[in-house]
Asks: 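Encoded as structure tokens, here's the structure I'll be asking about.
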Amino acid sequence: MMPNHHPAEELLLDYATGAMDEPLALLVATHLALCPLCRSEVARFDALGGALLQEVEPVAVSDAALQSMMGRLEDEPEAPAPMVETGDPMLPQPLRGYVGSPLSEMRWQRFGGLSMAELDLGGTSVHTRLMRIAAGMAMPQHTHEGNELTLVLSGGFSDARGHYLCGDVAATDSAIDHRPVADDDGECLCLAVTDAPLRLTGRFGRMLNPFIKF
Amino acid sequence: MTQRAQPTSEAARADELVRAIAQSRDRQAFLELFRLMAPRVKAYVLRQGNDPSTAEDLVQEVMLTVWRRAAQFDSSKASAATWIYTIARNRRIDVFRRERRPEFDPNDPALAPDAPTPADQALQSRQDAESLRHAVAALPPEQSEMLQQAYFEDMSHAEIAARLDLPLGTVKSRLRLAKEKLRQALEGVR
């Protein structure tokens, strides 16, 4: 089933050029695993890279480099590390490898019907999280000072903009005080990348905020 | 009845050379491919802001990967130049940004499968690569320059907007226009 909600075109281009930072690239690449349409689009962007590479003014490579190169052709490549598959089979690559374990073994923080587990991708200003929302539950009202991208991995949720199912990407910015509601028929699992601290608004938020560090 | 051979374009030549390497580990073919592509990969690496001494190391690593993985090259999916571009892109992210590049795995059982491709896809791809190259050369300068910044200078849309002191919307529409022009040029061939 083809997703209906895709990352904006400019995100696909930033991914293809390699200019995108790793957390967002992880989300885009995992969407690509679930979306043949966007894979074709990124393949076209890659082809543009190939055309630009052919058109670029070449820079002479030294003879030494050429000699060294020809000498290395007979080198044995390093044996690849044995592939031990420890990831959760329900997740596609590359997310499966980044999580690296079954979902049940991650450190989940629970807030009622909402659970979150953070993935450490090294930065401090961008947060990469897996989120699980219980069936039928509304996420606490929240806003972001920045931007958030959410990729649905299983189940679904609705907000003011639409209904999101497996493979769909929802984009929100600080202008929206959105309230995603998980579908009734099961838990919703998502990958969310946010570039700003989450602020819970509404009654629930005011209660929780002193106690949680997002 | 045999057709008179068309002059081989550089793009088609690169494809042939990779196939020769894949079929028989042809060192002459590799040497020719190196002469063709290594100076372009070097230009790409230098434009990313890296110093010349590390640039040649990176070029060698990219071309060594081409030598080792030639059997994985599928000319029906992309041109050799595109394939080499993706190898160079991934390697410079690894070496210079010291980050992983997240990628889907085409052999992943969890991957949503591609729609089946038509039988004439391979021929189309080769014509496309040449047409694309001509179309890129024909772009208006401000579109061409912005594409260069995106692909060769490691700049996201937001970074281009900041560097050129332009609204983000202007950057998005200019790059979208460039893409549209290229798409139209390709559709003119079919």
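Every chain is numbered from 1 and lettered A, B, ... according to where its sequence line falls, protein lines coming before strand lines.
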Asks: Tell me whether A/Asp21 contacts the main-chain N or O of A/Pro23 through its side chain, where contact means a donor paired with an acceptor under 3.5 Å.
Replies: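 Flag not set: sc A/Asp21 to bb A/Pro23 has no pair under 3.5 Å.
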
Asks: Is it true that A/Glu22 and B/Arg97 make a salt bridge, defined as a side-chain N closer than 4.0 Å to a carboxylate O?
Replies: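 Salt bridge between A/Glu22 and B/Arg97, a charged N being under 4.0 Å from a carboxylate O: no.
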
Asks: Measure the acute angle between the ring planes of B/Trp67 and B/Phe30, then classify it against the limits of 30° and 60° as parallel, tilted or perpendicular.
Replies: perpendicular

Asks: Taking atom CG as the centre, does A/Asp120 end up with more than 12 heavy-atom neighbours from other residues, nucleotides or ligands that are less than 6.0 angstrom away?
Replies: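 No, CG of A/Asp120 has 12 or fewer neighbouring heavy atoms, counting only those of other groups under 6.0 Å.
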
Asks: Chain B heavy atoms under 4.5 Å from A/Ala25: which part of the residue, side chain, backbone, both or neither?
Replies: both

Asks: When only pairs under 4.5 Å are counted, which of A/Leu32, A/Leu26, A/Leu121, A/Leu52 shares the most heavy-atom pairs with chain B?
Replies: A/Leu52

Asks: Does the Lys NZ or Arg CZ of B/Arg100 fall within the cation-pi geometry relative to A/Tyr98 - under 6.0 Å from the ring centre and within 45° of the axis?
Replies: yes

Asks: Given heavy-atom pairs under 4.5 angstrom as the criterion, report whether the side chain, backbone, both or neither of B/Phe34 touches chain A.
Replies: side chain

Asks: Below 4.5 Å from any heavy atom of chain B, which atoms of A/Thr30 appear? Answer side chain, backbone, both or neither.
Replies: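 Contact with chain B is absent: no heavy atom of A/Thr30 under 4.5 Å.
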
Asks: For the candidates A/Ala51, A/Gly50, A/Gly122, which exhibits the highest count of non-hydrogen atom pairs separated by less than 4.5 Å from chain B?
Replies: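 The answer is A/Gly50.
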
Asks: Heavy-atom distance under 4.5 Å to chain B: side chain of A/Leu37, backbone, both or neither?
Replies: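 Nothing of A/Leu37, per the 4.5 Å heavy-atom cut-off to chain B.
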
Asks: Between chain A and each of B/Arg47, B/Glu56, B/Glu153, B/Arg25, count heavy-atom pairs under 4.5 Å; write down the option with the most.
Replies: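 Ranked by contacts with chain A, first place is B/Glu56.
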
Asks: Could you tell me which portion of A/Met20 (side chain, backbone, both or neither) has an atom closer than 4.5 angstrom to a non-hydrogen atom of chain B?
Replies: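 Only the backbone of A/Met20 comes within 4.5 Å of chain B.
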
Asks: Check this for me, if you would: do B/Glu103 and B/Arg101 make a salt bridge, where the nitrogen-to-carboxylate-oxygen distance has to be below 4.0 angstrom?
Replies: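 The answer is yes: the pair qualifies as a salt bridge.
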
Asks: Check whether B/Leu46 gets within reach of chain A through its side chain, its backbone, both or neither, counting any heavy atom under 4.5 Å.
Replies: side chain

Asks: Begin with the C-alpha distance, continue with both residues' side-chain angles, and end with the deciding distance and a verdict on salt bridge (charged side-chain N to carboxylate O under 4.0 Å, His left out) for A/Glu55 and B/Arg40.
Replies: CA-CA 8 Å; A/Glu55 283 299 298; B/Arg40 290 174 166 81; over 6 Å; no

Asks: Where does A/Leu27 contact chain B at under 4.5 Å (heavy atoms): side chain, backbone, both or neither?
Replies: neither

Asks: Check each atom of A/Ser68 against the heavy atoms of chain B and say whether the ones under 4.5 Å are side chain, backbone, both or neither.
Replies: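 Answer is both: backbone and side chain atoms of A/Ser68 are under 4.5 Å from chain B.
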
Asks: For A/Gly167, is there any backbone N or O sitting under 3.5 Å from a side-chain donor or acceptor partner on A/His31?
Replies: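 Yes, because the side chain of A/His31 sits within donor-acceptor range (under 3.5 Å) of the backbone of A/Gly167.
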
Asks: Less than 4.5 Å to any heavy atom of chain A: does that hold for the side chain of B/Leu64, its backbone, both, or neither?
Replies: both

Asks: As an exercise: rank A/Val28, A/Val59, A/Leu34, A/Leu11 by heavy-atom pairs under 4.5 Å with chain B and give me the winner.
Replies: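 It is A/Val59.
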
Asks: Non-hydrogen atoms of chain B under 4.5 Å away: do they reach the side chain of A/Arg72, the backbone, both or neither?
Replies: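 Answer is both: backbone and side chain atoms of A/Arg72 are under 4.5 Å from chain B.
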
Asks: Please flag which part of B/Arg89 lies under 4.5 Å from any non-hydrogen atom of chain A: side chain, backbone, both or neither.
Replies: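 Only the side chain of B/Arg89 comes within 4.5 Å of chain A.
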
Asks: Can you tell me which of B/Arg92, B/Met37, B/His134 forms the most heavy-atom pairs within a distance under 4.5 Å of chain A?
Replies: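 Of the options given, most contacts go to B/Arg92.
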
Asks: Using a cut-off of under 4.5 Å on heavy-atom pairs, state which of A/Ser62, A/Ser40, A/Ala43, A/Gly97 scores highest against chain B.
Replies: A/Ser62

Asks: What residue in A/Pro92, A/Ala60, A/Pro58 has the most heavy-atom pairs under 4.5 Å with chain B?
Replies: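 The answer is A/Pro58.
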
Asks: Quick one: what part of B/Ser156 sits under 4.5 Å from any heavy atom of chain A, side chain, backbone, both or neither?
Replies: both

Asks: Would you mind checking which part of B/Gln60 comes under 4.5 Å of any heavy atom in chain A, side chain (CB onward), backbone (N, CA, C, O), both or neither?
Replies: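 Answer is both: backbone and side chain atoms of B/Gln60 are under 4.5 Å from chain A.
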
Asks: If I measure from the heavy atoms of chain A, does B/Leu111 come under 4.5 Å with its side chain, its backbone, both, or neither?
Replies: both

Asks: Where on B/Pro113 is there a heavy atom nearer than 4.5 Å to chain A: the side chain, the backbone, both, or neither?
Replies: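 Interface part for B/Pro113: backbone (N, CA, C, O).
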
Asks: Ion pair present between B/Glu10 and B/Arg13, side-chain N to carboxylate O less than 4.0 angstrom?
Replies: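 No salt bridge links B/Glu10 with B/Arg13.
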
Asks: Identify which part of B/Arg68 has an atom lying under 4.5 Å from any heavy atom of chain A, answering side chain, backbone, both or neither.
Replies: side chain

Asks: Does B/Glu16 come within less than 4.0 Å of B/Arg19, counting only side-chain N to carboxylate O?
Replies: no

Asks: Would B/Lys179 and A/Glu41 pass as an ion pair if we require N to O under 4.0 Å?
Replies: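 So B/Lys179 pairs with A/Glu41 through a salt bridge.
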
Asks: B/Arg35 versus chain A, heavy atoms under 4.5 Å apart: side chain, backbone, both or neither?
Replies: side chain

Asks: According to the interplanar angle, ranging from 0 to 90°, do the rings of B/Tyr44 and B/Phe152 count as parallel (below 30°), tilted (30 to 60°) or perpendicular (above 60°)?
Replies: perpendicular

Asks: Does any heavy atom of chain B fall under 4.5 Å from the side chain of A/Gln54, the backbone, both, or neither of them?
Replies: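 The answer is both parts of A/Gln54.
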
Asks: Does A/Arg96 come within less than 4.0 Å of B/Asp108, counting only side-chain N to carboxylate O?
Replies: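 Answer for the salt bridge query: yes.
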
Asks: Indicate the atoms forming the closest heavy-atom contact of A/Cys190 with A/Thr150, along with that distance.
Replies: CB-CG2, 3.6 Å

Asks: Where the side chain of B/Ser79 meets the backbone of B/Ala11, is there a donor-acceptor pair that is under 3.5 Å apart?
Replies: no

